Amino acid sequence: MTDIHIGFEPNARPEELNRKRFRDTLDRLLAQPNTPDMLVLSGDITDRGDEDSYQKTAELLKNVPFPIHMMMGNHDSREGMLHAFPDTPNEAGFLHRAFVADGLLVVLLDTFEEGRHGGAFCEKRRDWLAATMAANKGTPTLIFMHHPPVVSGIQWMDPAPGEQWIVNLGAALSGFEDQVLAIHCGHLHRQIVSQFNGMTVSVTPSVAPLVSMDLRPISSKKADSRALITSEPPTYALHRWENGALTTHYETASEWDVVAYYGPHLQPMIKHMEEEKVAG
Ligand SMILES: [Fe+2]
């Protein structure tokens, strides 16, 4: 899950929209029949990085029965994060880490820089990532980072092409592109797939309201009354690592009904489909 933005409306009664959307998304995740090994929250956990918002987040997460990995987004603060979630690894001031789970190297990056909306990836982080990749050469790799290192076309949210932090990221991953199965991001608040130096970049839609689907140029000189943020439903991504393949599923937390249940009337169809597979 990504971009939860707890605390956007801290005084809303009875409950702010973003807390409701987070609860709905967690409920949906916990209701589906597959048990995740971990939950990654890839940044913009809170809207202002304040302690109250992190405490409210922790409260909402307390019934999650599997490990949770907190990541930094541009709306977060490292101090607030570490205060509410003291188990978050802090390596020389950066909340990044990497671990191998079932043969998959999972890398969680920290692209936060105080005072910036856009991403950051300094030489220290570049060197840490390069060393992490070198120590795990050949291990299939899944990278999470808040800021997508791509120009998506949503101009107001995008980096300029060739920003130094993106160059640094590319340098750290140079020579390891073939082992990076996917780079999963947040920040853009929409479902987007792109490429970075031959690697697949996917953006998981936000838990908070979405960024509108508008690829026209935008000008800071003229406010043209376009839609910027929409009430489209929250979504989470479920990443499945099985038999050496990484596959990502998405589910929204909107209202919907089951249209068909698997009863005896559908058994012949399921049987036929199974037999087809055996037949190759
Ligand atoms: Fe965000």
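These numbers come from a predicted model, not from an experiment. Both ligands and their constituent atoms are indexed starting at 1 by order of listing. Excluded from the calculations below are hydrogen atoms, water molecules and symmetry mates; all remaining heavy atoms, backbone and side chain alike, are included.
When distances from the Fe ion (ligand 1) to the N, O or S atoms of Asp3 are compared, OD2 comes out shortest. As for Asp44, its N/O/S atom nearest the Fe ion (ligand 1) is the one called OD2.
The nearest N, O or S atom of His189 is closer to the Fe ion (ligand 1) than 2.8 Å. At a cut-off of 2.8 Å, His5 coordinates the Fe ion (ligand 1) through an N, O or S atom.
Distance check: Glu79 CD to Asp76 CG gives 11.0 Å after rounding to the nearest 0.5 Å.
Environment of CZ in Arg116: crowded, with over 12 heavy atoms of neighbouring residues, nucleotides or ligands closer than 6.0 Å. Sparse packing is recorded around NE2 of His272, with 12 or fewer heavy atoms of other residues, nucleotides or ligands lying under 6.0 Å away.
Scanning both residues, Gln179 and Asn136, for their nearest heavy atoms gives NE2-O, 3.2 Å.
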